[in-house]
Amino acid sequence: MGRLWIAVGILIILLALGIGMLLGSQSFFGELEENLKQAGHLALEGNWSAATEMAEKCRLQWESCRRFWSAFTDHEPVEEMQNLFAQLKIYEKRQLEVDFAILCQHLSHLAEAIDESHNLKWWSVL
């Protein structure tokens, strides 16, 4: 009987961790997505200093949690985000506003896709 309660306890812990990952991914990737969109819009509006500051904030936010998300998600989008942030630095140095904005939008969609892969949807259950 003791083994049954240990198994139930482990399942409850795993459920809590899964719910925590769901909520954490929505919060992290939602904020990252919005900030990247904002950086792209700022670049298109000609507010270059604010755009680069926002992009750097996003890059630092991503770098702070990249290894954590690498452990829980597919490595391909994580590596792609890493490469795109490196490209973003080049566009920033060259001050290519349109390319910078396009890349920010692409990064934003990639963050949204990674977030969706962690969310519970009816089509992912079937």
Side-chain angles (χ1 to χ4, degrees):
M1 192 63 150
R3 290 183 188 164
L4 173 69
W5 290 113
I6 291 172
V8 168
I10 290 172
L11 287 175
I12 289 172
I13 290 170
L14 289 175
L15 178 64
L17 287 173
I19 291 171
M21 283 293 297
L22 176 87
L23 297 175
S25 99
Q26 285 176 344
S27 172
F28 178 79
F29 287 108
E31 181 183 345
L32 186 64
E33 177 188 348
E34 288 303 314
N35 288 340
L36 284 165
K37 284 181 183 177
Q38 185 178 3
H41 289 301
L42 288 168
L44 289 177
E45 291 171 356
N47 193 348
W48 190 245
S49 61
T52 57
E53 185 180 317
M54 182 65 71
E56 183 63 17
K57 175 184 171 187
C58 292
R59 189 188 67 75
L60 291 173
Q61 180 183 6
W62 170 251
E63 284 295 324
S64 70
C65 295
R66 178 179 56 91
R67 290 194 172 127
F68 175 78
W69 291 113
S70 293
F72 294 104
T73 191
D74 185 21
H75 289 285
E76 185 178 332
V78 171
E79 290 173 8
E80 186 177 353
M81 282 197 74
Q82 196 66 21
N83 292 335
L84 292 176
F85 272 117
Q87 285 180 354
L88 198 62
K89 281 300 239 187
I90 294 169
Y91 293 156
E92 181 182 331
K93 286 181 183 177
R94 292 286 199 169
Q95 294 190 352
L96 301 170
E97 290 95 352
V98 174
D99 295 326
F100 184 89
I102 290 170
L103 197 54
C104 283
Q105 189 69 25
H106 186 65
L107 279 163
S108 170
H109 286 299
L110 193 56
E112 180 184 13
I114 293 172
D115 179 38
E116 271 191 21
S117 72
H118 290 277
N119 289 331
L120 184 62
K121 305 277 194 246
W122 67 268
W123 54 84
S124 66
V125 176
L126 299 178

> Quick one: does L11's side chain get under 4.5 Å of L15's, heavy atoms only?
Replying inline: no
>> Per the salt bridge (Lys or Arg N to Asp or Glu O under 4.0 Å) rule, what does the pair list look like for residues 80-95, sequence neighbours excluded?
In response: E56-K89
> With H41, which residues qualify under side chain to side chain donor-acceptor pair (under 3.5 Å), at least two apart?
Replying inline: none
>> Can you tell me how far apart CE (M81) and CZ (F29) are? Round to the nearest 0.5 Å.
In response: 6.5 Å
> What residues form a side chain to side chain donor-acceptor pair (under 3.5 Å) with T52, not counting sequence neighbours?
Replying inline: none
>> Distance check, rounded to the nearest 0.5 Å: H109 atom NE2 versus E116 atom CD?
In response: 11.5 Å
>> For the CG atom of L36 and the CD atom of E112, what is their distance to the nearest 0.5 Å?
In response: 12.0 Å
>> Checking I10 now: which residues fulfil side chain to side chain contact (heavy atoms under 4.5 Å, CB included) with it, not counting sequence neighbours?
In response: I6, L14
>> Once rounded to the nearest 0.5 Å, what's the spacing between atom CG of L103 and atom OG of S108?
In response: 11.0 Å
>> Let me check something: do L84 and V78 share a hydrophobic cluster, defined by ILVMFWY side-chain heavy atoms less than 4.5 Å apart, either directly or through other members?
In response: yes
> Residues two or more places apart in sequence or in another chain: which of them pass side chain to side chain donor-acceptor pair (under 3.5 Å) with Q82?
Replying inline: W62, E63, R66
> Out of curiosity, does F85 fall in the hydrophobic cluster containing L96 (side-chain heavy atoms, cut-off under 4.5 Å, transitive links)?
Replying inline: yes
> Would L107 and F28 show up in the same hydrophobic cluster when neighbours are defined by side-chain heavy atoms closer than 4.5 Å?
Replying inline: yes
>> Can you confirm whether L44 sits close enough to E97 that some side-chain heavy atom of one is under 4.5 Å from a side-chain heavy atom of the other?
In response: no
> M54 and V98: same hydrophobic cluster, using ILVMFWY side-chain contacts below 4.5 Å?
Replying inline: no
>> On a heavy-atom basis, which atom in A101 and which in G40 lie closest, and how many Å separate them?
In response: CB-O, 3.5 Å
>> Using every non-hydrogen atom in the two residues, find where A39 and A55 come nearest and quote the distance to one decimal.
In response: CB-N, 4.0 Å
> To the nearest 0.5 Å, how far apart are CG in L110 and CG in L32?
Replying inline: 9.5 Å
> At their closest point, which heavy atom of A43 faces which heavy atom of W48, and how far apart are they?
Replying inline: CB-CZ3, 4.0 Å
> Among pairs that include at least one residue of residues 27-41, which meet salt bridge (Lys or Arg N to Asp or Glu O under 4.0 Å), considering only residues two or more places apart or in two chains?
Replying inline: E33-K37
> Should F100 and I90 be counted in the same cluster of Ile, Leu, Val, Met, Phe, Trp and Tyr side chains packed under 4.5 Å apart?
Replying inline: no
>> To the closest 0.5 Å, what do you measure between CG (N35) and CD (Q61)?
In response: 6.0 Å
